[in-house]
Protein chains: 4
Amino acid sequence: MATERASTTAGGRPRDPRIGDAVLTATLELLETSPYDALAIEEVARRAETSRPAIYRRWPGRAHLVLAAIATRLAVPEPPDTGCTLCDLDEGFGVFLEAYRTIRPEILTALYAECAADPELRSRYAATVVDPARAAVGRTLERAVARGDLREETDRDLLLDLVGALVHHRAAFGEHHLTGAEAAGAIEMLLRGAAVDYDALLAHSEKVEHIGHPASHPGAPH
Amino acid sequence: MATERASTTAGGRPRDPRIGDAVLTATLELLETSPYDALAIEEVARRAETSRPAIYRRWPGRAHLVLAAIATRLAVPEPPDTGCTLCDLDEGFGVFLEAYRTIRPEILTALYAECAADPELRSRYAATVVDPARAAVGRTLERAVARGDLREETDRDLLLDLVGALVHHRAAFGEHHLTGAEAAGAIEMLLRGAAVDYDALLAHSEKVEHIGHPASHPGAPH
Amino acid sequence: MATERASTTAGGRPRDPRIGDAVLTATLELLETSPYDALAIEEVARRAETSRPAIYRRWPGRAHLVLAAIATRLAVPEPPDTGCTLCDLDEGFGVFLEAYRTIRPEILTALYAECAADPELRSRYAATVVDPARAAVGRTLERAVARGDLREETDRDLLLDLVGALVHHRAAFGEHHLTGAEAAGAIEMLLRGAAVDYDALLAHSEKVEHIGHPASHPGAPH
Amino acid sequence: MATERASTTAGGRPRDPRIGDAVLTATLELLETSPYDALAIEEVARRAETSRPAIYRRWPGRAHLVLAAIATRLAVPEPPDTGCTLCDLDEGFGVFLEAYRTIRPEILTALYAECAADPELRSRYAATVVDPARAAVGRTLERAVARGDLREETDRDLLLDLVGALVHHRAAFGEHHLTGAEAAGAIEMLLRGAAVDYDALLAHSEKVEHIGHPASHPGAPH
DNA sequence: TGCTAAGCGAGACGGTACGTCCCGTCTTAAT
DNA sequence: ATTAAGACGGGACGTACCGTCTCGCTTAGCA
């Protein structure tokens, strides 16, 4: 969850709660029309009819402010337990997608770019944008494994990464968000696999590697 | 390919070729230490011992300049045809990884973020950064299909997206780059699939949907 | 006399007397190194290890605070009655000079500049800084007149202004404070006059004015 | 003369002359209503419809700006040579007075206060405000000496300081500017002297000092 | 070979936005 | 009831950098 920075102690004049709200609203309004890096704190302050220091007192900088603003729009629904794994996953994908449909992708991308330089921001971003959807779909995967629909040795984290990365990638970088059809395709790919006969490929690879690349595929199953 | 903007006409004083080179070098040097959006054209000009207009004459702005600078470092090797699909894919993954290892991921992310507002930049970015790696791995996939190792109906674009997104995601957002082991795990997941019996899941889901959710799974295969 | 503002009523928590002292001390210390208008109340509070409101409770603003602070340093000695008018005046000059030797002149100047906007401050300033020295020298002049050394019609206020202005001017604007020799020269000039024969000049001027400028010299003696 | 700071070299885009003028005008307008230290560069920029950096490019700070602004209002006419020393001095005093009548005294005072911390400002202030009037009256004194109306050994600098200090003091610190009558009184005081018999005072003082204060009056004339 | 026009280099300009300092005030807890 | 102290809302600061304009110089092509 990304929210405004707390005061140091309990003492002192309390913050005017209307200012924080007005700032978040102004931020969202401005983000609707201007590209992320044209979003000036000064402009936000002007529109929210307050001052720059009042904003800096609440958030350390633009990225944190924007994250807090879009956090008010992100709401991850719990995917239902329909008893049908494929349907559940479909819904789960939807959970990821929904999280990104309300926010302009380039904003996420730019935010994301700033995460590299600010660990604090990175963890807030993860906690706000990434984790909720991840956790919701994670529970769906647990059920699927329990139901015996997924192989037990499935690396659930990896699977979540693949799904999350795809959605994020498309949302942030693609021409358009992932469609339902593409999502279904991805689910199929991830569940069925692309190989005609994976075990045969593995066997072949091991034979080849015996000859030329003995040290690779360290984590390959046997 | 991203290079500097050409002169308007042929006449007049010729450009000093050393300036363009010095600027690109200075840009790369500065990018090694400062985060992307702290890269000031002014600073580049200072370090290259030239002036800002000389830079603006060659590139329309910071993003184009940075793209041109990193383009000099990006070189996507053609993944070899070993005859072993798994090995090829391994190498292909490495191609993606390599593309991100020479350039700080956040730079790519930030660059791409700016693409949203500038179609010209977007196509240069695609041509310079995305397409070569994608095409190289794409060719590997073609061979795999031709060899009969992948199902023919495999959506190669989707597969590429899944791979690329994962690598990019981990590079830009993860604690560390994807390791070889993780890459191998992902390859396995993508080739073998997570489902115990995908066709059974599909059949079940269609039965369920017949009853409750007739309109979903529009693109589901049958 | 400039001192701290009194409490509204008698009831309530008593003021901590150490705070007022510490603030005045801190103010004087800071004035030793920083120019007047770089003196921040905030800084004073920091150095006195208290808070800004505690200062504002005692003085209405910076100027009043500074006046109170320097008032603790200003002490005007009564010039002695030596029986020798010239010697007395010499001492009197010294009284003016002394007032400026303990306080950096620019502080007085800046303080006075603020008086323009604050009548309360102005009267405090007069009572604290100006009047004591003026009164002391004024008494010396009275004695000189009584003794018959100065002409009775001498405008004592004007004479005091001339002396005070010269000292102030040199202290605040000159390269160095007035020296004793310069002071003696000024005394001579003021007592003896610069004219060879003032009455002749006056007669001449009246003749001229009769012809050309009848209305001027309204206050000229006859 | 106080004017705007010159560009470093001849190269580069030339300054828009209208900006400098507009800024000076805006400064003078604002000084008409607001006290000196409430004059915000920001406000000047707003009123002149330009930006703060454009002002800082021309003047190093508020004091220099204000000095330049009031310099446009200060014009010292050459006092005429009427052949009558007293009349000339009267006019000369008028020159001083006039120079200060157009400017609010508190502004001069405040400016003057800032001179203490800035030698560059101090010399500009002297050159702009003090010297012209001083030089004009200085020439009048020269003529008076040449005419034999003033004693030859008169310390002209001291006399000018006395006059200038008085006018400046009254202009800057007094309730009102010096009036013509007061000026005439001052002229009389300075020319005729306040003493009934200065030489007698001197003789007396020397006798006293022989006994009690041998080291004082170091520069006393003999 | 000299002239002309165009493009280049560099510097300074006008202006936006930054992040911070400090102001004067309000609020709570303590005395 | 009034203090002490912390934090707040806000005005203004001086600066970094942006993107552009202007200049003088360099060069290529034409006479």
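Heavy-atom basis, side chains included; hydrogens, waters and symmetry copies ignored. Order of the sequence lines fixes the chain letters, A, B, ..., with proteins taken first and strands second; residue numbering starts at 1 for each chain.
B:Glu49 comes within contact range of the sugar-phosphate backbone alone, with a heavy-atom separation under 4.0 Å but no base atom that close. Counting non-hydrogen atoms under 4.0 angstrom, A:Pro14 reaches the backbone sugars and phosphates but no base. At the heavy-atom level, A:Arg46 lies under 4.0 Å from the strands shown only through sugar-phosphate atoms.
When the side-chain nitrogen and oxygen atoms of D:Arg57 are compared with OP1 and OP2 of E:dG14, one or more of them lie within a distance under 4.0 Å. When the side-chain nitrogen and oxygen atoms of A:Thr50 are compared with OP1 and OP2 of F:dG10, one or more of them lie within a distance under 4.0 Å.
For the pair D:Glu42 CD and E:dG15 P, the interatomic distance rounds to 14 Å; values are reported in whole Å. Atom C1' of nucleotide E:dG15 and atom CZ of D:Arg18 are separated by 15 Å, given to the nearest angstrom. Separating the CZ atom of A:Arg15 from the P atom of F:dG10 is a distance of 13 Å, rounded to the nearest angstrom. We find that CG of A:Asp21 is positioned 12 Å from P of F:dG9, with the value rounded to whole Å. B:Leu39 has its CG atom 8 Å from the P atom of F:dC18, to the nearest Å. Straight-line distance from the CZ atom of B:Arg5 to the P atom of F:dG19: 12 Å, rounded to whole Å. Following rounding to the nearest Å, A:Leu65 (CG) and E:dG19 (C1') show an atom-to-atom distance of 15 Å. One can place CG of A:Asp37 at 15 Å from C1' of E:dC18, the figure rounded to the nearest angstrom.
Nearest-nucleotide positions on DNA chain E for C:Glu43 and D:Pro17 put D:Pro17 closer to the 5' end. Map C:Arg58 and A:Asp16 each onto its nearest nucleotide of DNA chain F; the residue landing nearer the 5' end is C:Arg58.
Residues forming a side-chain contact (heavy atoms from CB on, under 4.5 Å) with D:Ala26 (at least two apart in sequence, or on another chain): D:Val44, D:Arg47, D:Ala48. Annotation: side chain to side chain donor-acceptor pair (under 3.5 Å) contacts of D:Asp21 (sequence neighbours excluded): none.
With distances taken from any side-chain atom of C:Ile19 to the nucleotides E:dC26, F:dA4, E:dC18, the minimum falls on F:dA4. For C:Tyr56, the side-chain atoms get nearest to E:dG24 when compared with the rest of E:dG11, E:dG24, F:dA5.
Proximity of C:Leu28 to C:Leu24: side-chain heavy atoms (C-beta onward) are nowhere separated by under 4.5 Å. Residues B:Tyr112 and B:Val129 fail the side-chain proximity criterion, which asks for heavy atoms closer than 4.5 Å.
Taking the charged nitrogens against the carboxylate oxygens, B:Arg104 and B:Glu32 have no contact shorter than 4.0 Å, which rules out a salt bridge.
No hydrogens or angles were tested; on distance alone, a donor-acceptor pair under 3.5 Å links the side chain of A:Arg52 to the base of E:dG19. Under 3.5 Å, the side chain of C:Arg13 and the base of F:dT3 form at least one donor-acceptor pair of N or O atoms.
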